[in-house]
Trainee: 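Sharing a structure with you now.
Lettering of chains follows the sequences in order, A, B, ..., and the numbering in each one begins at 1. Owing to the predicted nature of the structure, the values given are computational and were not obtained by experimental measurement.
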Amino acid sequence: MKKQIQELIANSLKTLESEEIIPAIEQPKITIENSRDSAHGDFASNIAMVLAKVAKTNPRGLAEKIIKYLPKSDIVERTEIAGPGFINFFLKQNTHQSIIIDILEKGDQYGDSSIGNNIATLVEFVSANPTGPLHIGHGRGAAYGAVVANLLKKVSYKVSCEYYVNDAGRQMDILAVSVWLRYLQINNKNIPFPDNAYQGDYINDIADSLQKTHAEKFITTTENLFPLFAEEDPELKIDGLIGYCKDELGQENYRIVFDEGLNVILATIKNDLNNFGVEFDTWFSERSLVDDNTVSKCIEKLTNNNWIYEKDGAQWFRSSKLGDEKDRVLIRENGLATYFASDIAYHLSKVERGFEKIIDIWGADHHGYITRVKASMQAMELSPEKLEVLLVQFATLYRGKEKLQMSTRSGQFITLKELQDEVGKDATRFFYIMRKSEQHLDFDMELAKSQSNDNPVYYIQYAHARICSVFRQMPEKGFTYNQEEALSDLSVLTETHEIKLLSTLARYPEVIENAALAYEPHQLVYYLKDVANDFHTYYNASQFLIEDNVIRNARLALVVATKQVIKNGLSLLGVSSPEVM
RNA sequence: GCGCCUGUAGCUCAACCGGAUAGAGCACCGGCCUUCUAAGCCGGGGGUUAGAGGUUCGAGUCCUCUCAGGCGCGCCA
């Protein structure tokens, strides 16, 4: 509808120019707003104020001329000049009412848009290290990423969701050592366990299952193990243990222990995400980038193009030439590639797999990382503008006023699963995305539980359930609903609350498009609150199940359309639309 | 110290590429259930949009500075 009004104005301006009433001017984009106040009509444009200066006239005068030359329209009832020079558009009532027909025809597809043009898009999110179960911070990224992906799909981006599995690197070695030490402890209680190894009970579980499947296969002599615990620097201590573990077990057995930890934890993660309603198309292994030489190819290419130099025994990438604060190490003195090196290869892979739009969703603590990844894409000639990095602030967990410190290594954290079990899936997902993603989120579990009845998610779901209830009661009360007849005579929907609800429903496609293009699920959340509010108000003001056939049918059609929009919106958020509450 | 982000009602947050009188929820006060679910609706109080300048027809929104908070500044990931 906005587009139609835009065209009307564009036409008028063209006429004004050709009639030489105003000079030929370069036109800015004509913006049309939804009026906040119904006294200002349905839509408003500020075009007269924007163009007044270049047209060398005053805004109200220009507005008058624009209105005079507006082409006739089927949808506009009248226009008005208001305030400093706004042009307000009042729509004909049947324009409002016809949205019901549109909604009921399109059903689940109402709100779809083609603006994404089937552009191949990769959304990578969560990607937590598989060193433990997902905690509450990951949950926010999971909910956010899933909804962003849903929104983009709705507006015709061809979306693939991916989880990058960091199955290489030191953290994973620490995990393997943690498992191995717990395994050894099963047979020898005297073996110590370092503070900075992974403490969680799940490590014991993995060790137990290792014991069950492989019995005593990984038990080695431990005489040389004990002295390693004497090392004072905890990081050196754990590195010493890693080295010892690798040497004692040998490559093959070390891999078995390592993979047991990886696979068990990854399975837990997958399971928790599925239960949370978050699914991935691909699970991309970091190790695979090393194994298939993508990493080394990248290093080679960068070296050939003089993006790499050697200093202090390490290989450095000249990121400072591309906007970064300093150069970054790709290959360490000890010969191992850094995480950043893998990431360069990973982004090469993303481009090589044909993705035109690459969305990375990271925790906000990684924001300093953006410049160097873009720099690396530049150096790799990979069009860094394809990459869009979205940051999600961490959620801080509270129990009442008590802030819960969390760290994966210490094993003290509330998992996503526990949160979901306690708060419920719908409320958890809704809570996570009802705020702008770059805002801090204080997730108070006490509050989330105790106030669960006041949670806005129920407000919206309640509207849906109420509508379902109306239709359950209908036959009991001896009424019928004839949709065909309803759609042929919607003109009886003229009450204030009806018009309000109709115009809110008409906004849905625009909301989806805006929310998708801005990667802002919370826009949809706020919109759905509006829909629910308009409906509840209407519900309290008007009776739907009444004798008058024409009015009853028309009202029920409006109510069905409302139900459809709520269901479409909630399903994008991954929240259920209950029929009974 | 440098860089990025944030600062809106008592609390938690909105405000559609700069638009009209800055809006909701919670909390507080007052109304509405012989009528489709009161998990609801209606009304009321509550603001110098952290502060000071600037840009223009017009600023919560853009620019500069100050203050306050968060995050980042590894041959960790």
Trainee: Suppose you measure atom P in B:rG53 against the same atom in B:rG60; what distance do you get, rounded to whole Å?
Mentor: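 It comes out at 14 Å once rounded to the nearest Å.
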
Trainee: Flag the pair A:R472 / A:E579 as yes when at least one side-chain heavy-atom distance between them is below 4.5 Å, and no otherwise.
Mentor: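 With C-beta onward as the side chain, the pair touches.
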
Trainee: Should A:R372 be listed as having a side-chain N or O under 4.0 Å from OP1 or OP2 of B:rG74?
Mentor: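 The answer is no; no side-chain N or O of A:R372 sits under 4.0 Å from OP1 or OP2.
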
Trainee: The side chain of A:K53 is closest to which nucleotide in this list: B:rC42, B:rC57, B:rC16?
Mentor: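 Nearest to the side chain of A:K53 among the choices is B:rC57.
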
Trainee: So, under a plain 3.5 Å distance rule, would you say the side chain of A:D365 forms a donor-acceptor pair with the base of B:rG72?
Mentor: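 No pair found.
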
Trainee: If you compare every side-chain N and O of A:H536 against the phosphate oxygens of B:rC42 (OP1, OP2), does one of them come in below 4.0 Å?
Mentor: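 No, no such contact exists.
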
Trainee: Going by the angle between their ring planes, with limits at 30° and 60°, are A:W362 and A:Y369 parallel, tilted or perpendicular?
Mentor: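 Geometry flag for A:Y369 against A:W362: perpendicular rings.
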
Trainee: On a whole-Å scale, what distance lies between the C1' atoms belonging to B:rA50 and B:rG45?
Mentor: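 Pairwise C1' distance, B:rA50 against B:rG45, rounds to 24 Å.
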
Trainee: Heavy atoms only, 4.0 Å cut-off, all strands: where does A:N88 land among base, sugar-phosphate and nothing?
Mentor: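 If one applies the 4.0 Å heavy-atom cut-off, A:N88 turns out to touch a base.
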
Trainee: By the 4.0 Å heavy-atom rule, please label A:H367 as base, sugar-phosphate, or nothing.
Mentor: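 Contact class for A:H367: base.
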
Trainee: Quick check, does A:F86 stack with B:rA20? I mean ring centres under 5.5 Å and planes off by under 30°.
Mentor: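 Yes; centroid distance and tilt both under limits.
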
Trainee: Sticking with atom P, work out how far B:rU8 lies from B:rG70, rounded to a whole angstrom.
Mentor: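 It comes out at 15 Å once rounded to the nearest Å.
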
Trainee: Using the purine O4'-C1'-N9-C4 or pyrimidine O4'-C1'-N1-C2 torsion, is B:rC11 syn (within 90° of 0) or anti?
Mentor: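 It is anti.
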
Trainee: In whole Å, measure the gap between the P atoms of B:rG46 and B:rA22 for me.
Mentor: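 Between the two P atoms, the distance is 13 Å.
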
Trainee: Between B:rG40, B:rA14, B:rA77, which nucleotide has the shortest distance from any of its atoms to the side chain of A:T338?
Mentor: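 Between B:rG40, B:rA14, B:rA77, the one nearest the side chain of A:T338 would be B:rA77.
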
Trainee: Does A:S469 reach a base, just sugar-phosphate, or nothing at all? Heavy atoms under 4.0 Å.
Mentor: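 Contact class for A:S469: base.
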
Trainee: Describe, in one word, how the ring planes of A:F471 and A:Y481 are oriented to each other, choosing from parallel (under 30°), tilted (30 to 60°) and perpendicular (over 60°).
Mentor: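 Perpendicular.
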
Trainee: Establish, with yes or no, whether the OP1 or OP2 oxygen of B:rA20 is under 4.0 angstrom from a side-chain nitrogen or oxygen of A:S35.
Mentor: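 For B:rA20, OP1/OP2 do not have a side-chain N/O of A:S35 under 4.0 Å.
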
Trainee: Is there aromatic stacking of A:H40 on B:rA20 here, judged by a ring-centre distance under 5.5 Å and a plane angle under 30°?
Mentor: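 Yes, the aromatic ring of A:H40 stacks with the base.
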
Trainee: For A:E547, I'd like to know if atom CD has over 12 heavy atoms of other residues, nucleotides or ligands within 6.0 Å.
Mentor: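 12 or below, so no.
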
